[in-house]
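Remarks on the structure that follows.
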Amino acid sequence: MRHWLMKTEPSVFGIDDLQRKGREHWDGVRNYQSRNSMRDDMKLGDRVLVYHSSTDVPAIVGTGRIVREAYPDPSSWDPDSEYFDPKSGPDTPRWVMVDVAFESRFAAPLSLAELREVPALNGMLLLKKGMRLSIQPVTPAEFEVVLQQAERKAGRKGKGG
DNA sequence: GCCAACGTTGGC
DNA sequence: GCCAACGTTGGC
């Protein structure tokens with residue numbers, strides 16, 4: 001089983017939307033490297049960190065799980081979609097998506113700034129300068145540390161500190 | 001195949 | 001809104 005980080009803009013689709021819907025097809029990825037990750041490496045049951053970008057406080061906000069492996073993204077040949085790509089068609093799909101199921105929503109999101117303060121996450125791709133990939137591999141150790149940090153922060157919050 | 005110009009991402 | 005860092009495009 002692999003671990004991933006998937007970015008999303010909460011103004012478009014955030015962890016609250018994922019929780020409400022239970023699962024969602026992750027459409028709109030238009031970067032070849034991210035597409036290849038989804039197409040070649042994402043497997044059923046893989047775990048996902050959900051990350052909010054382009055928002056006041058960019059943060060990891062919860063977790064999900066891959067519940068359907070890569071299949072063509074129909075928004076790529078929908079002229080009315082903001083994700084439309086004239087080079088993609090039903091017979092020649094250029095872009096793929098996966099389905100992600102909601103798993104958890106952190107009581108206290110872990111902001112980018114907080115993540116940078118965790119020594120064990122020094123090597124995390126997300127924290128590297130210039131890293132813009134919307135789909136990133138995460139090591140099992142990093143994934144575990146993130147969960148621990150989220151629990152720790154939620155615990156502090158719960159005790160009023 | 002090079003590379004300049006342009007577009008996008010995304011934190012700040 | 002700025003701008004650094006990338007990715008893509010297209011002329012040659």
Side-chain angles (χ1 to χ4, degrees), chain A residues 2-19 21 24-42 46-64 66 70-100 102-139 141-143 145-150 152-154 157:
Chain A
R2 300 194 196 219
H3 299 73
W4 305 94
L5 180 142
M6 299 176 82
K7 295 184 186 175
T8 186
E9 298 189 16
S11 62
V12 178
F13 187 87
I15 189 74
D16 291 340
D17 300 299
L18 186 61
Q19 180 168 25
K21 296 195 70 169
E24 181 65 302
H25 48 275
W26 212 269
D27 62 0
V29 174
R30 296 293 179 267
N31 168 277
Y32 288 105
Q33 206 173 332
S34 293
R35 179 202 65 180
N36 294 349
S37 287
M38 288 199 291
R39 186 191 60 196
D40 303 334
D41 297 329
M42 270 191 172
D46 280 2
R47 303 193 71 186
V48 175
L49 296 172
V50 179
Y51 177 83
H52 281 176
S53 66
S54 295
T55 185
D56 282 354
V57 183
I60 298 176
V61 294
T63 66
I66 302 300
Y71 60 109
D73 177 353
S75 71
S76 65
W77 58 80
D78 174 5
D80 296 327
S81 170
E82 61 174 312
Y83 305 126
F84 177 63
D85 178 352
K87 292 171 185 161
S88 185
D91 301 326
T92 54
R94 174 167 298 217
W95 303 105
V96 301
M97 58 189 184
V98 296
D99 286 2
V100 179
F102 174 82
E103 191 167 73
S104 72
R105 181 183 181 285
F106 292 167
L110 282 176
S111 71
L112 250 196
E114 288 166 336
L115 293 168
R116 291 192 199 283
E117 289 171 6
V118 182
L121 298 179
N122 274 347
M124 199 173 179
L125 273 182
L126 178 72
L127 306 181
K128 290 202 188 303
K129 193 176 176 184
M131 169 51 60
R132 303 187 313 185
L133 277 185
S134 59
I135 311 279
Q136 301 175 11
V138 172
T139 69
E142 288 164 351
F143 194 97
V145 169
V146 167
L147 294 190
Q148 285 170 9
Q149 291 294 320
R152 180 178 302 182
K153 191 179 174 192
K157 192 181 174 188

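Fair warning: this is a prediction, and the values are worked out from it, not measured in the lab. Each chain gets a letter, A, B and so on, in the order its sequence line appears, and its residues count up from 1.
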In whole angstrom, what separates A:Y83's OH from B:dT8's P?
14 Å
Shortest non-hydrogen pair, A:L121 vs A:L115, comes out as CD1-CD2, 3.7 Å
Any chance you could measure A:E114, atom CD, to A:E117, atom CD, to the nearest 0.5 Å?
7.0 Å
To the nearest angstrom, how far is A:I135 atom CD1 from C:dC6 atom P?
19 Å
In whole Å, I'd like the distance from the CZ atom of A:R94 to the C1' atom of C:dT8.
11 Å
Distance check: side-chain N/O of A:K129 vs OP1/OP2 of C:dA4, anything under 4.0 Å?
no
Selected nucleotide, minimal atom distance to A:L112 side chain, candidates B:dC12, C:dG7, C:dA4:
B:dC12
Aromatic plane relationship, A:F13 with A:W26 - under 30° parallel, 30 to 60° tilted, over 60° perpendicular:
perpendicular
Given atom OH of A:Y51 and atom C1' of B:dG10, what is their separation to the nearest angstrom?
8 Å
Nucleotide B:dG7, atom C1' - distance to CG of A:N31 in whole Å
14 Å
Quick one: A:E9 CD to B:dT9 P, roughly how many Å, whole number?
8 Å
Any side-chain N or O of A:Y32 less than 4.0 Å from the OP1 or OP2 oxygen of C:dT9?
no
Would you mind reading off the distance between A:L133 atom CG and C:dC6 atom P, rounded to a whole angstrom?
11 Å
With a non-hydrogen cut-off below 4.0 angstrom, is A:K87 in contact with a base, only sugar-phosphate, or nothing?
sugar-phosphate
For atom CE of A:M131 and atom P of C:dA4, their distance in whole Å
19 Å
Closest approach to the side chain of A:R132, judged atom by atom: which nucleotide of B:dT8, B:dG10, B:dC12 is it?
B:dT8
Applying the side chain to side chain contact (heavy atoms under 4.5 Å, CB included) criterion to A:K7, which one of A:L126, A:V29, A:L49, A:I135 satisfies it?
A:L126
